[in-house]
Amino acid sequence: MLTGIDGNPLAVITTQMRIPLWKIKSDKSPLYLPDGSQADKEIDEKVETLYNQILEQSSELRTGVEWTSHMSLADALETLWETHKKTLGLTKPEDWKLARRLFDWHLANLEFANASLLKNISLMYWDQDDPHDLPGAHCFAAGLNGQWIRELTKHVPIFYNSVVERVKRFHDGVQVVTPDRVFAADAVVVTVPLGVLKREKIQFEPPLSMRKKTAIKRLGFGNLNKVIMLFEEAFWDTDGGDDIFGCINASQEMRGENYMFYSYAGVAGGAQLTALSSGNAAYEHERRPPEENAKKVLDILRKIFEPKGITVPPPYHVICTSWGGDPLAHGAYSSMPVGSIGGEDYDILGETVGGRVFFAGEATNRKFPATMHGAFYTGLWTAANLDAVFSERSAKKRREMEKQRDKMLEELASQNAAALGDHYRPKRPGRPPKRKEPATTTGVLTPAVIELRKARLEMLFNDVNHPPHIVANSGALKGILGVGDWSTHTLIFVEARPGEEPIYALIDSRTLLRLSQNVGANSLEVLAASLSEDAIGPHSDKIQSFHDAIVESRRHSKVQARTTSSEPKPTKDASYYLDLLDKL
């Protein structure tokens, strides 16, 4: 159900998907007594008017009175009922009895709205979200909620039967642990129902703060249940009648048992009727077998319709929910119990932990809690928050790497200057250079370039969260660096990831061997062979070419040692490589 379609993001999505919305008809929803007869309309209207007045007065009762901060909504409503019930002007005992039952029906509906017993609900904060109620009609969506889920999860990988047991947070990422696998990521968004968090079914490492744990404990998470029946055809009025009718229970304790029926016949593609149970009845519902719950609903329907000459056939499909007993939910939705501190508890639950663990869901939304659109809103907000956090983090990391690159270059250039002695000159004579550069040499591959790129490769090799894509592509890239003799050097090409530039590194065999030892492999062949398909991704077919290129490089290196001329071959000067480095 969409509770208000004006400004509702789910209504927008429904329209975009071209799914028709069904405005719920509830102007004249009848209320039926346990014997199936309809309640007296005049008394019904009087009790409804008094109930609304009592709700308004309960709000006034909490203003400026300190002791009401610990008062339950049930205590306030019962006190006001006893104070004002005489205004109904009833004289007959049976009318008073009916009035009390009608009042209990409205209380059952309030327990449904809060998914909790009224004795547990805070008078002070139970309606703290009322100013944010969305205007517009309440509607059903054709095909019900499953259509949204199917559309929004297209192309999204979902791992079923993978119950999360632990969430581990590190300075550079997270791990989500299930019984059969571990998922590693930059961040995690926790959207499990509040009931799961309250029962500590997921262990957080490091543990959540006491502030967040206390908010989880203070927030309420109650229960409601449904009996959903599908008939061959509708035996109730689906044309001129309302989509809702109510059932008044004889027992005050069980006032919420099948107290309301929703007709989905106009939108579900079949004759579907749903009975709702709230309060104590929602918990009793789960203690009974589904067959007994279905029988109770059919007994009510037959008492209502058969005296009118309408046969109630057996349904050919029945579903009984059990939200409280569901180990993946442990309840329906959140509420404000006695002892809560208001909407701030929702805010605390929604706070991000360590910039890595994010929280979303209806229980993190103080403006729209206990609603589908409230849960959806938090998804949008969290996505935007993730984007902002990691965009800034990426920018910061890029700035740090640029600083590290410049510092490394200066250090290596200084080392190279010391090795070359008189052959070294600064790029800008007479001014302290921002970055020193080695002068032109003949037949020598500049050590600064090799060492710098080696260092960059080492960083990438050791970045477990983003393993590099590495291939050998000497032939295709030979002209880029202008190197004529490839016999003693290997070109490594690290492919670009989104938002990054590719890295080209020209490394001699000895340096590359040292690099392989730095990452834990005792030979280049082992280094190449150890790159798994997961690490290389779509380029797994190039592992062998990388391996072969290394072996070929070594073979040529040995041949070169025996046959090379003492006269060095020409190569590009040092400024060429430094200019290339700037471009990369």
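All values derive from a computational prediction rather than experimental measurement.
Asn225 and Thr321 are linked by a side-chain donor-acceptor pair at a separation below 3.5 angstrom, with hydrogens and angles left out of the test. Residues Asp35 and Ser37 bring a donor and an acceptor atom of their side chains to less than 3.5 Å of each other.
Under the rule for a ring-ring contact (aromatic ring centres under 6.0 Å, His included), the partners of Phe261 that lie at least two apart in sequence or sit in another chain are Phe245. A search for side-chain hydrogen bond (donor to acceptor under 3.5 Å, both in side chains) contacts involving Asn365 returns nothing, not counting sequence neighbours. With sequence neighbours left out, Arg169 forms a side-chain hydrogen bond (donor to acceptor under 3.5 Å, both in side chains) with no residue at all.
Closest of all the heavy-atom pairs between Ala363 and Tyr346 is O-CD2, 3.0 Å. Contact record, Leu80 with Ser58: CD1-N, 3.6 Å, taken as the closest heavy-atom pair. Here the closest non-hydrogen pair linking Pro9 and His373 is CD-CB, 4.2 Å. Smallest separation of non-hydrogen atoms from Ile348 and Ala215: CG2-CB, 3.6 Å.
Side-chain contact between Leu134 and Ile5 is absent, with no heavy-atom pair separated by less than 4.5 Å. No side-chain heavy atom of Glu94 sits less than 4.5 Å from a side-chain heavy atom of Leu98. Proximity of Arg288 to Asn293: side-chain heavy atoms (C-beta onward) are separated by under 4.5 Å at one or more points.
Evaluation of the salt bridge (Lys or Arg N to Asp or Glu O under 4.0 Å) test over residues 95-105, restricted to residues two or more places apart or in two chains, returns Glu78-Arg100, Arg100-Asp104, Asp104-Arg255. Under the ring-ring contact (aromatic ring centres under 6.0 Å, His included) criterion, the residue pairs touching residues 87-123 are Tyr51-His106, Trp81-Phe103, Trp105-Tyr259, with sequence neighbours excluded.
Ring geometry for His132 versus Phe368: interplanar angle over 60°, hence perpendicular rather than tilted (30 to 60°). By the 30° and 60° cut-offs, the orientation of the rings of Phe235 relative to Phe231 is perpendicular.
Taking the charged nitrogens against the carboxylate oxygens, Glu205 and Arg166 do have a contact shorter than 4.0 Å, which makes a salt bridge.
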Enumerate donor-acceptor pairs with a distance under 3.5 Å from any side-chain N or O in residues 296-312 to protein atoms, sequence neighbours excluded.
unit_1: Asp299; atom_1: OD2; unit_2: Lys295; atom_2: NZ; d: 3.1
unit_1: Arg302; atom_1: NE; unit_2: Val312; atom_2: O; d: 3.4
unit_1: Arg302; atom_1: NH2; unit_2: Val312; atom_2: O; d: 3.4
unit_1: Lys308; atom_1: NZ; unit_2: Tyr32; atom_2: OH; d: 3.4

